Amino acid sequence: MKVELLREYMSKMCDLNHAVQLMQWDLKTKAPKNAVDTHIAAISTLSTESFKMSISDQVKDFIETFEHDEKLDDIMKKSLKDLKRTYERSKNIPEKLYNEYTSHTAKSEMVWEEAKRNNDFESFRPYLEKIVVYNKEMAAHIDSNQNVYDVMLDNFETGLSSDKINNLFEELKKGIVPLVESISHKERVDDSKLLGNFEEYKQKELSEYILKYIGYDFDCGRLDKSEHPFTTGTAPYDVRVTTRYDKKDIKSCLFGVIHEGGHGIYEQNISPSLIKTPLAVGTCMGIHESQSRLYENILGKNIRFWEPIYSKVGEIFPEFKAIELELFHKAINIVEPSLIRVEADELTYNLHIILRFELEKDLFTGDLQVKDLPQAWREKMKKYLGIVPKTDTDGVLQDCHWADGSFGYFPSYALGNIYGGQFAAQMEKEVGTIDYLLKEQRLDIIKDWLRNNIHRFGKMKTSAELIKDVCKSDIDVKPIIDYYQNKYSRLYHL
Ligand code: ZN
């Protein structure tokens, strides 16, 4: 068999995925209301087609033929390895079970939305219980030797066990909880001056300016509006980002855009040599989040980031001319325990994630029952953040991840912070301090460093390989803790 056949096969799968991604983007941004049903039907047809291709006998043949073929180049070897992994993980899931699960989660998402609106966990409980059962069943088909939660983690972070994550998060907690505690005794910065009436077209203008400033390429992407910000597309030449506009508070758009810009820059800088292979994507969720969070927090919430461009903010929104940069900087870095994860600050955000990780882990070991989730949620909120939600809407019902079956996804966010801390520390050693680079407006040096060390490899390297090659170490919590301690002791005079 010729290797060209394998190339063509992968290329066709990429084309199907490309179409699915575009339609999903359209659904969330531009599609007219009455187009929704036909769009969903088309998405489902094409994704089923792509899924069938990934578990076909043809793929089995490719694996058998080429697995030990030394003549394959590195890209083809790794692509085949990736095809094999998907094949092995999916081939044993009975079609009936897979279909039942997909339609159950689709329904469960709708029930969850309603339950969240009505603060009614009980109506959602049976659906969630069933999702847990389905996931246990599927995990047993994927790999019966591994514990269930580890199989699910493997969907998002290959090779990281729950024990390992648990240890990392214990360390993270040890660093963060005392910091949050000391900050809580300090006077809160008054950020009310930052609220106002910010017109949408102006927010868009500023967003585009900032995206360009950090190195996002509009020839390979675009910015649109959506309910929840996201990044999607086909790397590297079509990577689109979205944002939302809050009329009163410009911060949500600004930092949402920088966050998605970080995801976008990652995908736009994947090597073109990986096009039409399964490797032309970010390697995993954790590394993806490391890039978005590095841009959003480590760069975007640094005063030096804003120094050279703050006058531009004042140009677009003259009301900012009266707000001193120092106040703006303090306001974007307020740390305070809050109920909602997506609104949390850089520091307490980690605690929201750790809480979810611990709860979902316990759900799958059997230490926690779904019916006891709301109470367990309140207890952990009290323990880690010192506050308790009055409703389940602001508690256990706030996120969509469990309703759509994405158990094992949450840890990626905090792992992203840990990886981001390591990358930032290494970058500083190699090309100069972030303070200096930002002050001199050398965002290009930062982007080049990230591209050379991380982006261009796409999925050629796993997260562990990237960390090892770039930072010459294993996953390490220390750099991000050091960063938090330095930054917040200065900001809050601790
Ligand atoms: Zn993100």
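Counting convention: from 1, in listed order, for ligands and their atoms alike. If you read the sequence from its start, that first residue is 1, and numbering goes on from there. As the structure is a computational prediction, the values presented were derived from the model and not from experiment.
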- Side chains of Thr105 and Asp404: is there a donor and an acceptor less than 3.5 Å apart? no
- Validation row: Leu160, Ile475 side chains within 4.5 angstrom (heavy atoms): yes
- Would you call Arg244 and Lys225 a side-chain contact if the rule is heavy atoms closer than 4.5 Å? no
- Query: Closer than 2.8 Å to the Zn ion (ligand 1), how many protein N/O/S atoms do you count?
  - Reply: 3
- Query: Less than 4.5 Å apart, any side-chain heavy atom of Tyr266 and any of Thr231?
  - Reply: no
- Task: Sort and list the pairs that fulfil side chain to side chain donor-acceptor pair (under 3.5 Å) and have at least one residue in residues 209-218, not counting sequence neighbours.
- Result: Tyr213-Gln441
- Item | Non-hydrogen side-chain atoms of Ile131 and Ser108 separated by less than 4.5 Å | yes
